[in-house]
Amino acid sequence: MPSAPRRRSMRCRDPAMSVHAIASLFASPADRIGQEVTIQGWVRTRRDSKAGISFVAIHDGSCFEPIQVVVPSSLPNYQSDVMRLTAGCAVAATGTLVQSQGKGQSVEVQVTSLQVFGFVADPDTYPIQPKQHSFEYLREQAHLRIRTNTFGAVARVRHCLAMAIHRFFHERGFYWVHTPIITGADTEGAGQMFRVSTLDFLKVPRTPDGKVDFSQDFFGRETHLTVSGQLNVETWCMALSKVYTFGPTFRAENSNTTRHLAEFWMIEPEIAFADLAQDADLAEALLKYMFTALLNERADDMKFFAERVDKECITRLQKFVEAKFERITYTEAIALLEQAVAKGEKFEYAPKWGIDMQSEHERYLTEKVFGRPVAVINYPKDIKAFYMRQNDDGRTVAAMDILAPGIGEIVGGSQREERLDMLDKRLEEMKLEKEAYWWYRDLRRYGTVPHAGFGLGFERAIVYATGLQNIRDVIPFPRTPKHCDF
RNA sequence: UCCUCGAUAGCUCAGUCGGUAGAGCAGCUGACUGUUAAUCAGCGGGUCGCAGGUUCAAGUCCUGCUCGAGGAGCCA
């Protein structure tokens, strides 16, 4: 598009005239009734009255509700522009904010001028129509789905929760640590990793014994995308005392479920001079802070989710922030499950001490037994990671999973093994190379302290809060096996 | 990766016993109206996912493939 005039030049706005977020007009209408306002946004619907006016609903993302603007047919561009408006058109409208004469909205704008920035090229095939679309379909239109009620609400909820997380930690003296995305450690242990390489796949350099010669790769060694910032953030914890990460994480697992993404965001706090109980306290306080903020700040969006997505989502969060988390040991959890079996509960896999709990077990505990979040602590050491602190019983480690109804594991954490001899013993038992963990081991040699932390899956928290069924619908552009569009 | 289900108009779906393609919404035209996912009338819109097979005849039955969804495992 070489010499076409840029759409922006159409605006010719009086610089003194400020643009109003639609949210601000709904928030304090009394201050603005009778005043001239300008809004900019996208058309949801247009309804015409041959009495000489059109009603156009406009949204700008600032809040859930679109605002209704009333356009008189006396405008010079009424036939040429206004009558051509369809869902998705981008407009600016200026007029007087008035109490609505109709039902269904409190205020509206009596328009004196309306400008179109961009029409919708093919209204009959515009993918986002004013009707319910399936989530599957909208995933294929991820660049446009954000214009719908649902995804606009998800976006605001996501932002609200992210801000609440930062606020929570900041208020408590935590530092946000930007741990690396690319890692040279093949030591993180949390499953399959994505390789990072600039090697030419058609001419891969080889070592004499036939292996890939990563010394010729960009970093001079084999590198991957991180699966966790934990090991890195522990280093900063050992100087700053209270730290957290909040960033993207990558897992190359072939997981095809409503709870997994190949690229997701995770929050990983780490606290020095702390044990597992303090770790669980922190997780509980964080989650309650997040959901309290959500209920207070995004009542409009949550109301929508309660009406259209999950009736229980608001009451569930209210209960969540009021109730004390249940806290039980793994051993007690297994006992409860075994009792359930004795009473006739059917599980596909029999619960037994020493096994990792299945989804069905976790769901039973959190949904049937308690009906609220449960922190399960002290797991058998054989099913947990090398860095978790061994308990005195010799068979369990100070690990913690927080299980939530409807979603399962939302938090996984542990007290870390701070004793070098114990850590080395675990590395040997699990046949891991001590040398590869030299810097992690150094932390135990130089001023070691008890410390603990956990990982909170950000998208899982959003799924839990909104009641949406699929994690792919709470991240802008989901990456899952065989899916990396946009 | 395994199991189950699905794919028909731009979207959401129906399509009976195998008999040759339907509705609502959206779009367009008109009527009507301070309208509220407006209403009413009309119009246009289809390689029934792809490739084979059975049959006089396949959207429908069979086989393979592709894609999607849900569940399981792995995990946050």
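The analysis underlying the following values was restricted to heavy atoms, covering all of them including side chains, and did not include hydrogens, waters or symmetry mates.
At a cut-off of 3.5 angstrom, counting only N and O atoms as typed in the model, there is no donor on one side facing an acceptor on the other between the side-chain of A:E136 and the base of B:G68. Donor-acceptor pairing under 3.5 Å, judged by distance alone, is present between the side chain of A:Q110 and the base of B:G34. At a cut-off of 3.5 angstrom, the base of B:C75 holds no donor-acceptor pair with the side chain of A:S255. Counting distance only, with no hydrogens placed and no angle test, the side-chain atoms of A:D48 and the base atoms of B:U33 include no donor-acceptor pair under 3.5 Å. At a cut-off of 3.5 angstrom, the base of B:G34 holds at least one donor-acceptor pair with the side chain of A:E108. Evaluation of atom-type donor-acceptor distances gives no pair under 3.5 Å for the side chain of A:Q469 against the base of B:G70.
Rounded to whole angstrom, the span from the CG atom of A:N254 across to the P atom of B:A72 amounts to 16 Å. In this structure, the NE2 atom of A:H260 is 16 Å from the P atom of B:U1, given to the nearest Å. The distance between atom CD1 of A:I67 and atom C1' of B:U35, rounded to the nearest whole Å, is 16 Å. Computed from coordinates, the A:I128 CD1 to B:C25 C1' distance equals 14 Å when rounded to whole Å. In this structure, A:Q101 atom CD and B:U33 atom C1' are separated by 15 Å, rounded to whole Å. Whole-Å rounding puts the A:E65 CD to B:U36 C1' distance at 11 Å. Atom CZ in A:F304 sits roughly 13 Å away from atom P in B:A37 (whole-Å rounding). As rounded to whole Å, 15 Å separates atom C1' of B:G44 from atom CG of A:D122.
Taking 4.0 Å as the cut-off between side-chain N and carboxylate O, A:E270 and A:R416 count as a salt-bridged pair. Salt-bridge check for A:D401 with A:K384: passed, with a basic side-chain N closer than 4.0 Å to an acidic carboxylate O. Here A:E284 pairs with A:K324 in a salt bridge; the nearest charged N to carboxylate O distance falls below 4.0 Å. Salt bridge status for A:D473 with A:R145: present, with a side-chain N to carboxylate O gap under 4.0 Å. Salt bridge present: A:D310 and A:R316 bring a charged side-chain N and a carboxylate O closer than 4.0 Å.
A cation-pi arrangement, defined by a distance under 6.0 Å to the six-membered ring centre and an angle within 45 degrees of its axis, is absent between A:R460 and A:F264. Note that A:R172 lies in the cation-pi zone of A:F168, set by a 6.0 Å cut-off to the ring centre and a 45° limit from the axis.
Across the C1' atoms, B:G15 and B:A72 are found 34 Å apart, a figure rounded to whole Å. Using atom P as the reference point in both B:A37 and B:G42, the two lie 24 Å apart (nearest Å). Comparing the same atom, C1', in B:G59 and in B:A9 gives a spacing of 14 Å after rounding to whole Å. On the P atoms, B:U54 is 35 Å away from B:U12, given to the nearest whole Å. Only the C1' atoms considered, B:G52 is 38 Å distant from B:G27, to the nearest whole Å. For B:A23 and B:C48, the C1' atoms lie 16 Å apart once the distance is rounded to whole Å. Taking atom C1' on both B:C25 and B:G68, the two are 23 Å apart, rounded to the nearest angstrom. Taking the P atoms as reference points, B:G46 lies 15 Å from B:U8, given to the whole Å.
Residue contacts for A:R145: at a heavy-atom cut-off of 4.0 Å it reaches no nucleic acid atom on any strand shown. Across all strands, A:I410 comes closer than 4.0 Å only to sugar-phosphate atoms, never to a base (heavy-atom distances). At a threshold of 4.0 angstrom between heavy atoms, the contacts of A:Q68 include nucleobase atoms, whether or not backbone atoms are also involved. Counting non-hydrogen atoms under 4.0 angstrom, A:V70 reaches a base of the nucleic acid. Counting any heavy atom pair closer than 4.0 Å across all strands shown, A:S54 reaches no nucleic acid atom. A:Q105 comes within 4.0 angstrom of a base, heavy atoms only. At a threshold of 4.0 angstrom between heavy atoms, the contacts of A:R84 with the nucleic acid are absent. Across all strands shown, A:T258 has heavy atoms under 4.0 Å from sugar-phosphate atoms exclusively, and none from any base.
Considering only the side chain of A:S100, B:U35 comes nearest among B:A76, B:C74, B:U35. The side chain of A:Y137 sits closest to B:U12 out of B:U33, B:U12, B:G73. The side chain of A:R259 lies closest to B:C74, out of B:A38, B:C74, B:A69. The listed nucleotides are B:G34, B:U12, B:G70; the one nearest the side chain of A:S134 is B:U12. Distance from the side chain of A:R47 is smallest for B:A38 among the nucleotides B:A38, B:G34, B:G73. Here the nucleotide nearest the side chain of A:T125, chosen from B:G73, B:G10, B:G70, is B:G10. With distances taken from any side-chain atom of A:Q129 to the nucleotides B:A72, B:A38, B:A26, the minimum falls on B:A26.
Using cut-offs of 30° and 60° on the angle between ring planes, the pair A:H59 and A:W42 is tilted.
Residue A:Y126 is the one, among A:Y126 and A:G455, whose nearest nucleotide of RNA chain B lies closer to the 5' end (criterion: closest heavy atom).
Under the stacking definition used here (centres under 5.5 Å, planes under 30°), the residue A:F264 qualifies as stacked on the base of B:A76.
Contacts of A:E307 classified as salt bridge (charged side-chain N to carboxylate O under 4.0 Å, His left out), with partners at least two apart in sequence or in another chain: A:K303.
Residue A:H133 places none of its side-chain N or O atoms closer than 4.0 Å to OP1 or OP2 of B:A26. Contact check, A:R251 against B:C75: no side-chain N or O comes under 4.0 Å of OP1 or OP2.
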